[in-house]
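Structure first, commentary second.
Note that the coordinates shown come from a computational prediction; the quantities given were computed from them, not determined experimentally.
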Amino acid sequence: MPGTVQGQISNSRIKFEQLSVRDGLPDNTISCILQDQKGFMWFGTYKGVARFDGYDFEIFQYDESNPNSLQGNLVSAMEQDHLGRIWIGSSSNGLSIYTPETGMFTRLSDGVADSLVIAHYSIRSIFEDSRQYMWVGTEDGLSVVSPDGKWHQKYYFREGDEQTVNGRVIYDIAESKDGRIWLATENNQLSVYDPRTSTFDQVTYTDLSLADKDDNVLKNLHFHNDTTLFVASINGGLSRLNLKTLTYKTYRSGSGINGPSTMQIRDILSVDTLLWLATDGSGIDLFNPGTEVFSNANKSTQDLTSLSSNAIWTLSRDLQGIIWIGTYDGGVNKYDPQHNMFQLIENNPCDDTSIPNQPVLSLYEDNQEQLWIGTDWGGLVLKARAGQTLRFDHSNGLSTDVVKTISTDRLGNLLIGTYNQGLTRYRPETGHFEHFKREKEHYAALPSNNIWSIFTDSRGLTWLGTLGGGISIFDPVKRDFHLPDLSYLNGGQFHVYHIMEDSQSNLWFSTDGGLLYYQRRLDEWTSIIPSDKLASSNHLLNQTKGTIEDKFRNIWIASASGLIRYIPEKNEFILFGREAGFPELPLLGLQTDDFGNLLVVSKTHLSQFDLSTHAIISYEIPDNLFNHNALLKSSNGQVYVGGTQGITSFDPALLRKNTYIPPVYITDFQVFNQSQKPLIKGTVIDSTIENTTLIEIAHEQSVINFEYTALNYIASSRNEFAYWLEGFDDDWQYVGGRRLATYTNLDPGKYTFHVKASNNHGVWNDTGASVRLIVHPPFWKTRWFQVVLIVVGSGLIYWIQRVRITQLRKAYEFERLSSEQEMIRIRNQNLSQELESTKSEMNAVTMSYLHKNQKLQQIREKARATASRISAQDVGLVNKLVKEIDQQLQDEDYWDQFEHQFNKSHDNFLTRFKNAYPDLSKRELRMCAYLRMGLDNHEISILMNVTVRTVEQSRYRIRKKVNLEKRQSFTKMVLRF
């Protein structure tokens with residue numbers, strides 16, 4: 001099955017990785033693919049658009065309640081313009097434009113009216129030309145939009161009109177180097193627009209009739225170079241148009257390797273010197289325009305790394321050379337050239353010549369360059385140079401189907417180390433198997449029947465390493481074994497996994513208890529315990545699985561703790577472990593390539609270790625789990641590694657370090673685990689996080705998260721990250737593959753969050769991404785509040801002082817007033833006493849005057865009564881007496897004296913009452929005074945020498961003068977005044 005590495009075809013199958021709805025895609029039907037200017041991958045589906053960063057998908061879909069959402073979910077085309085906006089067409093709902101700064105979509109209206117931008121609601125193609133004009137092809141017409149969006153022109157098909165586009169449906173749009181715009185319509189000719197003359201022309205591109213419009217649907221254009229245009233369509237196959245001569249050639253299916261696998265071709269992509277053709281039903285065709293040879297890669301139900309669907313709808317190649325394949329109902333397929341440098345040779349149940357469906361435990365190339373493969377319960381397989389495959393198992397000569405190691409003896413016989421069945425020798429010329437197994441008193445010098453390693457040295461000695469029995473030496477001539485004179489230091493040294501001879505003919509044995517070193521010249525054995533030499537208590541250092549010597553005679557050791565370099569001349573050991581860059585431990589085997597590197601094998605990784613710089617480049621091999629020492633470099637330089645799924649093969653010359661510097665972006669900012677998005681109520685950002693330079697939060701927003709990514713799509717899981725919150729962290733925090741940084745309870749202040757990342761081969765983007773962060777303090781910690789607090793505090797102190805002074809003054813005034821009030825009280829008391837005394841005196845005088853008047857009135861009445869009984873001469877005397885009595889009763893001097901004393905004792909009542917009611921006469925005031933003293937009408941009549949009736953009448957007149965209502969008491973009014 002053909003594959004490509006940097007545009008070259010190899011003889012191994014192509015491997016793909018798959019992404020589907022299980023990984024986060026909204027739908028498994030992919031209609032278009034785009035990599036934006038930042039490096040994110042966009043996938044148009046039938047359920048919206050998905051943006052991918054190598055880890056997660058962000059989904060954009062139509063939302064009826066959000067006018068800034070996608071116009072329609074049936075996405076048919078995408079294009080990014082020079083401003084970074086992404087134009088997204090729907091097959092049934094028109095066009096949307098995504099603005100990365102805001103994360104919002106703008107919807108463009110469609111229709112024939114001049115004011116409407118888009119010709120029709122069903123979008124087929126979108127293209128930006130070299131003049132930055134946007135071309136939008138629809139189901140019915142073409143729209144051209146100026147770079148500033150202020151001008152647009154629409155073209156509709158009109159039968160017989162050569163000054164417009166030659167078909168209704170615009171399937172694809174492309175631009176040639178001379179600036180002409182090529183349009184693929186349902187017409188059997190291409191429509192070509194020349195911006196210099198603003199005219200349309202038609203070009204024939206195929207020798208097929210394609211008379212039926214169904215033969216021209218979904219037509220696709222692709223400029224392979226400046227002079228060649230390839231055109232493909234459903235039912236139209238592949239056509240090649242020479243732009244200089246306008247000559248053409250059509251490649252039809254049914255022509256073997258000189259034609260495509262089907263006439264249904266939906267997309268074309270140039271990959272270096274090859275064309276990749278997306279077929280609708282036959283997978284991917286690979287076409288070499290130079291040789292005009294086609295090959296095919298399609299879906300295989302037995303191969304999980306094959307295409308997920310044979311209905312391929314779209315192709316795209318990113319900046320790293322990865323090819324992204326959109327399928328119908330099969331999700332996204334990803335072709336990684338670096339991953340395809342490693343090919344898996346595995347069992348094919350439909351191929352009798354394939355290897356058994358069992359783990360591969362050992363590999364060996366004989367002197368005829370034939371490959372021998374030892375398996376776990378699958379026996380022994382010979383892949384001969386002529387292409388034949390021979391299988392050996394317990395049914396045709398092998399003692400067991402578990403083959404742990406393979407080598408040859410000095411006689412040219414194949415030696416096979418087995419599990420639990422000892423040593424087997426195979427004579428190729430006779431096809432005869434001979435078995436050597438330790439049994440009772442037989443082959444006693446074979447210490448174990450588990451042969452884990454075999455090596456025939458430069459002297460012709462064959463050394464055997466066993467599991468649990470240590471080392472034995474096999475003599476192929478005598479067909480016998482003997483044990484070396486060796487003292488083992490620990491039990492781990494009885495488990496021997498690998499044997500190596502150095503340039504001085506010394507032998508090195510890798511065991512679970514360190515190294516056993518045989519110095520041939522001195523015939524001495526030495527135990528080398530790496531943990532002792534490295535002054536370490538880590539016993540994993542002693543679990544060694546292989547050794548190799550470099551050209552400087554350094555010994556390199558594969559251990560469970562890493563790669564160890566031993567310099568015999570200095571007796572110096574140096575460990576290269578995880579810190580040095582090995583992604584996985586333990587190490588299971590070593591081999592050299594032809595370029596100054598060690599090839600180091602672990603369970604799922606193969607690493608290149610540069611012997612001069614000590615740089616490590618590692619490749620993850622996810623489709624195989626390697627076994628220890630199942631490692632072979634063949635005579636042609638190809639390397640084979642055995643594992644649980646078969647054999648992984650590769651050419652070290654094709655291995656390439658990933659030098660791509662991955663763009664780094666902050667992809668999410670969360671407050672209390674809630675993502676912050678622009679235009680969302682309560683959000684702290686007003687643009688998408690990738691375009692945000694400053695974030696401001698309140699002090700109570702105390703739990704924040706930063707999510708980030710590196711846009712390296714080659715083995716993304718091995719990207720590494722480091723972040724640093726400047727103003728909080730002391731230095732960079734290296735966090736491996738973790739993509740989340742969390743901070744809690746940050747102090748108010750200004751910070752800057754930095755993040756950087758490396759790709760899978762440790763190439764760092766040290767610039768990375770950053771965003772400034774301001775944590776606002778609570779209002780009581782703000783500067784303005786502190787100023788206010790100082791002012792208020794100063795004012796409060798001043799106020800307290802003023803209050804204190806005022807209180808002291810008040811206390812002083814209170815004491816003074818208290819003294820004065822006491823004096824006043826005493827004076828008032830004295831005055832009250834005097835007043836009471838005055839009142840008592842006045843009451844006494846008044847009552848005395850009352851009694852006097854009462855007596856005089858009685859005398860006057862008696863005199864008047866007497867006058868009726870006496871003579872006329874005496875009547876005159878009596879009348880004179882009565883007149884004198886009346887004069888006494890009208891004593892004005894008494895009133896004047898009374899008025900003065902009354903005002904004095906009754907709070908100046910008469911003066912106040914007179915001022916309040918100036919119409920009152922002197923007699924009326926006198927009557928009020930008597931009422932104030934509590935006298936009744938009778939007493940008042942005596943004092944005023946009038947009748948009671950006169951008093952009552954006077955009171956009535958007074959009531960009227962003071963406007964007193966009837967229901968009110970006149971006496972109470974006088975008493976209260």
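Heavy-atom contacts from other residues, nucleotides or ligands closer than 6.0 Å to CH2 of W377 number 12 or fewer. Atom NZ of K383 has more than 12 heavy atoms from other residues, nucleotides or ligands within 6.0 Å. Surrounding CD1 of I617 are more than 12 heavy atoms belonging to other residues, nucleotides or ligands, all under 6.0 Å away. Counting non-hydrogen atoms of other residues, nucleotides and ligands closer than 6.0 Å to CG of D352 gives a total of 12 or fewer. Summarising the local packing, CG of D485 is surrounded by 12 or fewer heavy atoms from other residues, nucleotides or ligands at distances under 6.0 Å.
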* Before giving the answer on side chain to side chain donor-acceptor pair (under 3.5 Å), spell out for T400 and Q421 the whole-Å C-alpha distance, their side-chain angles and the decisive distance to 0.1 Å. => CA-CA 7 Å; T400 178; Q421 294 298 316; 5.8 Å; no
* Apply side-chain contact (heavy atoms from CB on, under 4.5 Å) to the pair I416 and I451, showing each step before the final yes or no. => CA-CA 8 Å; I416 304 164; I451 312 298; over 6 Å; no
* Under the side chain to side chain donor-acceptor pair (under 3.5 Å) rule, what do N571 and Y566 come out as? Steps first, then yes or no, please. => CA-CA 7 Å; N571 196 29; Y566 172 54; 3.2 Å; yes
* For the pair L587 and L563, evaluate side-chain contact (heavy atoms from CB on, under 4.5 Å) and give the outcome as yes or no after the intermediate values. => CA-CA 7 Å; L587 304 183; L563 182 65; 3.9 Å; yes
* Going through the distances and angles, do N449 and L423 end up as a side-chain contact (heavy atoms from CB on, under 4.5 Å)? -> CA-CA 7 Å; N449 286 322; L423 179 69; over 6 Å; no
* Hey, mind stepping through S561 and N538 against side chain to side chain donor-acceptor pair (under 3.5 Å) and telling me if it holds? -> CA-CA 8 Å; S561 286; N538 184 359; 2.9 Å; yes
* Asked: F455 and W463: ring-ring contact (aromatic ring centres under 6.0 Å, His included), yes or no, with the steps?
  -> CA-CA 5 Å; F455 181 77; W463 300 80; 8.9 Å; no
* To do: Output, in order, the C-alpha distance, side-chain angles, deciding distance and verdict of side chain to side chain donor-acceptor pair (under 3.5 Å) for T389 and T353.
  => CA-CA 5 Å; T389 299; T353 65; 4.6 Å; no
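Taking 4.5 Å as the limit, every side-chain heavy atom of L380 sits out of range of all side-chain heavy atoms of T375. By the 4.5 Å heavy-atom criterion applied to side chains, L414 and W372 are counted as neighbours. At a threshold of 4.5 Å between non-hydrogen side-chain atoms, the residues D457 and L507 count as touching. Residues P583 and R718 form a side-chain contact, since some pair of their non-hydrogen atoms from C-beta on lies under 4.5 Å apart. In this structure the side chain of Y723 reaches within 4.5 angstrom of the side chain of V735, judged on heavy atoms. Two residues are said to be in side-chain contact when any heavy atoms from C-beta on lie closer than 4.5 Å; T418 and H435 fail this criterion. Looking at P447 and L483, their side chains come closer than 4.5 Å, going by heavy atoms from C-beta outward. The side-chain heavy atoms of D336 and E17, taken from C-beta on, include a pair separated by under 4.5 Å.
Under the 30°/60° scheme for interplanar angles, the aromatic rings of H614 and W556 are found to stand perpendicular. The aromatic rings of F576 and F609 stand perpendicular to each other, their planes meeting at an angle above 60°, with 30° marking the opposite boundary. Classified by interplanar angle (parallel below 30°, tilted 30° to 60°, perpendicular above 60°), the ring pair W724/W732 is tilted.
No donor-acceptor pair under 3.5 Å is formed between the side chain of T305 and the backbone N or O of F16. Between the R565 side chain and the I574 main chain, no donor and acceptor come within less than 3.5 Å of each other. Formation of a donor-acceptor pair under 3.5 Å by the E620 side chain with backbone atoms of S618 is not found in this model. A side-chain donor-acceptor contact under 3.5 Å links N624 to the backbone of Q645. Within the 3.5 Å criterion, the main-chain N or O of S503 finds a donor-acceptor partner in the side chain of E549. Remark: the backbone N or O of N420 is paired with a side-chain donor or acceptor of N450 at under 3.5 angstrom. T430 contributes a side-chain N or O that, together with a main-chain N or O of H432, makes up a donor-acceptor pair within less than 3.5 Å. Panel note: side chain E501, backbone S458; a donor-acceptor pair is recorded below 3.5 Å. Using modelled atom types, no side-chain atom of R520 and backbone atom of N506 make a donor-acceptor pair closer than 3.5 Å.
Here the straight-line distance linking atom CD of Q493 with atom CD1 of I528 works out to 10.5 Å at 0.5 Å rounding. The CD atom of Q543 lies 12.0 Å from the NE2 atom of H628; values are rounded to the nearest 0.5 Å. Taken to the nearest 0.5 Å, the OG1 atom of T405 stands 9.0 Å off from the CG atom of L415. The OG atom of S354 sits 5.5 Å away from the CZ atom of R391 when rounded to the nearest 0.5 Å. In this structure, I567 CD1 and R553 CZ are separated by 14.0 Å, a value rounded to the nearest 0.5 Å. Atom CG in N348 sits 10.5 Å away from atom CG in N357 (nearest 0.5 Å).
One finds no salt bridge joining E584 and R578 here, because no Lys/Arg side-chain nitrogen approaches an Asp/Glu carboxylate oxygen to under 4.0 Å. Of the charged side-chain nitrogens involved, none lies within less than 4.0 Å of a carboxylate oxygen, so that K633 and D593 do not count as a salt-bridged pair. Remark: D623 engages K15 in a salt bridge, criterion side-chain N to carboxylate O under 4.0 Å. A salt bridge between R479 and E434 is present, with a side-chain N of the basic residue lying under 4.0 Å from a carboxylate O of the acidic one.
In this model, a donor atom of one side chain and an acceptor atom of the other lie less than 3.5 Å apart for N712 and Q320. For N760 and Q338, the side-chain atoms include at least one donor-acceptor pair closer than 3.5 Å. Side chains of E369 and S634: a donor-acceptor N/O pair is absent below 3.5 angstrom, by distance only. Counting only N and O atoms by type, the side chains of S448 and T466 include no donor and acceptor under 3.5 Å apart. Between the side chains of D523 and Y518, at least one donor-acceptor pair of N or O atoms lies under 3.5 Å. Checked by atom type, the side-chain pair T462/T456 shows a donor-acceptor distance below 3.5 Å. Under 3.5 Å, the side chains of K545 and S510 contain no donor-acceptor pair of N or O atoms.
Taking the six-membered ring where the residue is Trp, the centroids of F474 and F436 are separated by under 6.0 Å. When ring centroids are compared, F494 and Y488 come within the 6.0 Å threshold. Between F392 and F433, the distance separating the two ring centers is shorter than 6.0 angstrom. A centroid separation of 6.0 Å or more is found between the aromatic rings of Y517 and F509.
When each of N629, D512, T511 is checked for a side-chain hydrogen bond (donor to acceptor under 3.5 Å, both in side chains) with Y497, only D512 meets the rule. Checked options T648, V601, L344, V641; the residue passing with I621 is T648 (criterion: side chain to side chain contact (heavy atoms under 4.5 Å, CB included)).
Because its NZ or CZ atom is both nearer than 6.0 Å to the ring centre of Y55 and within 45° of the ring axis, R739 counts as a cation-pi partner of that residue.
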